[in-house]
Every structure is written in structure tokens, then in C-alpha cells.
Amino acid sequence: MVRLTADLIWKSPHFFNAIKERELDLRGNKIPVIENLGATEDQFDTIDLSDNEIVKLENFPLLNRLGTLIINNNRITRINPNIGEFLPKLHTLVLTNNRLVNLVEIDPLASLPKLQFLSLLDNNITKKPNYRLYVIHKLKQLRVLDFKKVKNKERLEARNLFASKEVEEEAKKESTTTFTPGEVPNVSEVAEEQQAQKATAPTPEQIIAIKAAIVNSQTLEEVARLEKALKSGQLPSDLKLDAETGANGVKEKDENMVSNSQNEDDGGPEDVEEQRDSEPTAMEQE
């Protein structure tokens, strides 16, 4: 990780961007903490802090000139509640692909008096119920949210939905209890899933049944499927009902094969007598 020092600020690229604003490029430095921005001497209209490792949007000095802050692809989870005191003219804030999760986490942005353009795309917060209406309700001066223009119809809907403080608090509470993809799953659910997987593992008898099914298979596809099941330890669904019967059948077959083998090797009493009858006597030979 690299500290955001005054030396790094002075050596970083700075230029006039496409809309003729003076921009400071601090992208891709693995910066973990915002600090020392006073070294900019408030000489920039735009600061780009994308592709770093910043966790908190805080530690800004008073920057009267700064109008655009781009901070894509970081780890933002918290915003300074008083951020508006230090960025009074900030009108554009791009927070795409960060780690904002709950609706309450964007409340500090209401302190930015000039904020009109905001992007929260690729944050889990966008999956929360009534996300867009809540943001429009909290940031009444907002004109564009997630690159979509805020319509008068949405403003009216947001005003009606959050007409009372109780409804707003309920929305915040609900957002903290609603599971969204990317959050840590319930430990008990994971344990139950692992237990279910263990329960489906074949017993030694069922493994014998799988081997027997491989011997009796008539196609290469069936052999491959059963061999895969044997290696993975997961019993095929079509063998679950007949596994016990199949295992017993295999055992009986093995026992019969052993018995027959012994008879062939040793010979029974009847075979001995037949052999004696067929042998010529000494008198007959003479």
C-alpha cells in the first residue's frame, strides 16, 4: 500500500480534462486512506481516486473549488457525516463498485448542498427495497442517479412513500435485515447443507452396487457416469432405491461364484463315483 503523501500528489498527473476542468489523477496507487489533500492547495476542479483501497470517505480539508470526486473501484463502507462542510461545491460524486450495503450509509451525502450527480452502481445498497426512492428522498437536489435522470414522478412517489419519519426508519431497518448477494450467508444454513451432502454419500454396500452396475452397463456413457459417481462419492439418484437390493445381489453372486469354484476344484462325491465306473478294471484291460 502507498500513503497519499504531498510528494505523491505533486508527482501525479494533472491536466485539463475533456470539459476544460483542472483534474488531478491519483488512480491505481493502492491508497488505503485519504490524507494530505491540503497539498493540492485547492487548485483542482476534479480529483480521481479510482482503483485504490480506500475504506472511508473522510479526512478532506476544506476544498472550495472541488466540484467532481471520482472514487470508483475502492472499498468504501463509510462516509463522514460532515463531509458537506469540507466539500461545499461538490456537484458530482461517482462511487461505482464500492461496498456500501445499507440505506442509512448514504445519509451523510445529504450534507452536500450542491450534489446533483451521484452513481452508486455495483454497490449492494442498490439491491435494497425502495433504494432509488430512498436516495431521491434524502438528496432532494439530486438530478441524476446511477446515470438515470430523476423524474418528477419519482420525486412525488418518494415524497408520498416517506411522508412520515416512521416509514423512513422502517426502510432503514429493513435494509439492514435483507440479505443480498455478496453478503455472508447464515452459518446454520451452511452447516445444514454440508450435513445433507454427507447424508447422500454412499455406504460400502452402495459402492459395491455401483461397481456391479458398471459391470452390467451396456454403453460407454453409462460406464463413464457410474465411474464419475464412484470417484465423487455421490450415489446416482437412479441407484438410491435399489442400492441395498443390488448390494445383496452382488454378495449372493459372489458367494455362488466361490461355491462353484470350490466344486470345480475339489469335485463332488458323485463325480468321483462316475470316474470310478468309467475306469476299466484290470481284467478288462487284459
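- When all heavy atoms of Leu26 and Ser12 are compared, the pair lying nearest together is CD2-OG, 3.2 Å.
- Contact between Leu142 and Leu145 at its shortest, heavy atoms only, is CD2-CB, 3.9 Å.
- Cluster annotation: Val33 and Leu57 are assigned to distinct hydrophobic clusters (Ile/Leu/Val/Met/Phe/Trp/Tyr, side-chain heavy-atom contacts under 4.5 Å, transitive).
- Between the Ser111 side chain and the Gly84 main chain, a donor and an acceptor come within less than 3.5 Å of each other.
- Side-chain atoms of Asp7 never come within 3.5 Å of backbone atoms of Thr5 as a donor-acceptor pair (strictly under, hydrogens ignored).
- Every residue meeting the ring-ring contact (aromatic ring centres under 6.0 Å, His included) condition with Phe162, not counting sequence neighbours, appears here in chain and number order: Tyr134, His137.
- Listed by first then second residue, pairs satisfying salt bridge (Lys or Arg N to Asp or Glu O under 4.0 Å) with a partner in residues 77-98 number zero, not counting sequence neighbours.
- For the pair Leu8 and Asn29, the minimum side-chain heavy-atom distance is below 4.5 Å.
- Checking Asn97 against Asn72 by side-chain atom types alone, no donor-acceptor pair falls below 3.5 Å.
- For the pair Asn102 (side chain) and Glu105 (backbone), a donor-acceptor distance under 3.5 Å is absent.
- Counting only heavy atoms from C-beta outward, the side chains of Thr77 and Val101 never approach each other to under 4.5 Å.
- Across Met1 and Pro32, no two heavy atoms sit closer than the pair SD-CB, 3.6 Å.
- The nearest pair of heavy atoms linking Ala158 to Leu133 is CB-O, 3.4 Å.
- If you chain together hydrophobic residues whose side chains sit under 4.5 Å apart, Ile71 and Val2 fall into the same group.
- Legend: salt bridge (Lys or Arg N to Asp or Glu O under 4.0 Å) pairs involving residues 144-161, not counting sequence neighbours, sorted by first then second residue: Arg132-Glu154.
- Listed by first then second residue, pairs satisfying salt bridge (Lys or Arg N to Asp or Glu O under 4.0 Å) with a partner in residues 22-43 read Arg3-Glu35, Arg27-Asp48, Arg27-Asp51, not counting sequence neighbours.
- Separation of atoms CD1 (Ile31) and CG (Asn52) is listed at 4.0 Å; rounding is to 0.5 Å.
- Val94 forms part of a hydrophobic cluster together with Ile70, judged by ILVMFWY side-chain heavy-atom separations under 4.5 Å.
- Within the 4.5 Å cutoff, side-chain heavy atoms of Thr68 are placed close to those of His91.
- A donor-acceptor pair under 3.5 Å is formed between the side chain of Asn80 and the backbone N or O of Asn82.
- Through side-chain heavy atoms spaced under 4.5 Å, either directly or across other Ile, Leu, Val, Met, Phe, Trp or Tyr residues, Phe117 is tied to Val144.
- Closest of all the heavy-atom pairs between Asp45 and Arg65 is OD1-NE, 2.9 Å.
- With contacts defined as side-chain heavy-atom distances shorter than 4.5 Å, the pair Ile54/Arg75 does not qualify.
- With a 4.5 Å cut-off on side-chain heavy atoms, Phe86 and Pro61 do not count as touching.
- Within the 4.5 Å cutoff, the side chain of Leu120 has no heavy atoms near those of the Thr96 side chain.
- Within the 3.5 Å criterion, the main-chain N or O of Leu87 finds no donor-acceptor partner in the side chain of Asn64.
- Put simply, Ile125 and Leu161 are part of the same group of oily side chains (I, L, V, M, F, W, Y) that touch within less than 4.5 Å, one to the next.
- Closest approach of Pro113 to Pro88, counting heavy atoms only: CG-O, 3.4 Å.
- Inter-residue side-chain proximity for Ile79 and Glu58 is flagged as unmet; no heavy-atom pair is nearer than 4.5 Å.
- A donor-acceptor pair under 3.5 Å is formed between the side chain of Asn74 and the backbone N or O of Leu49.
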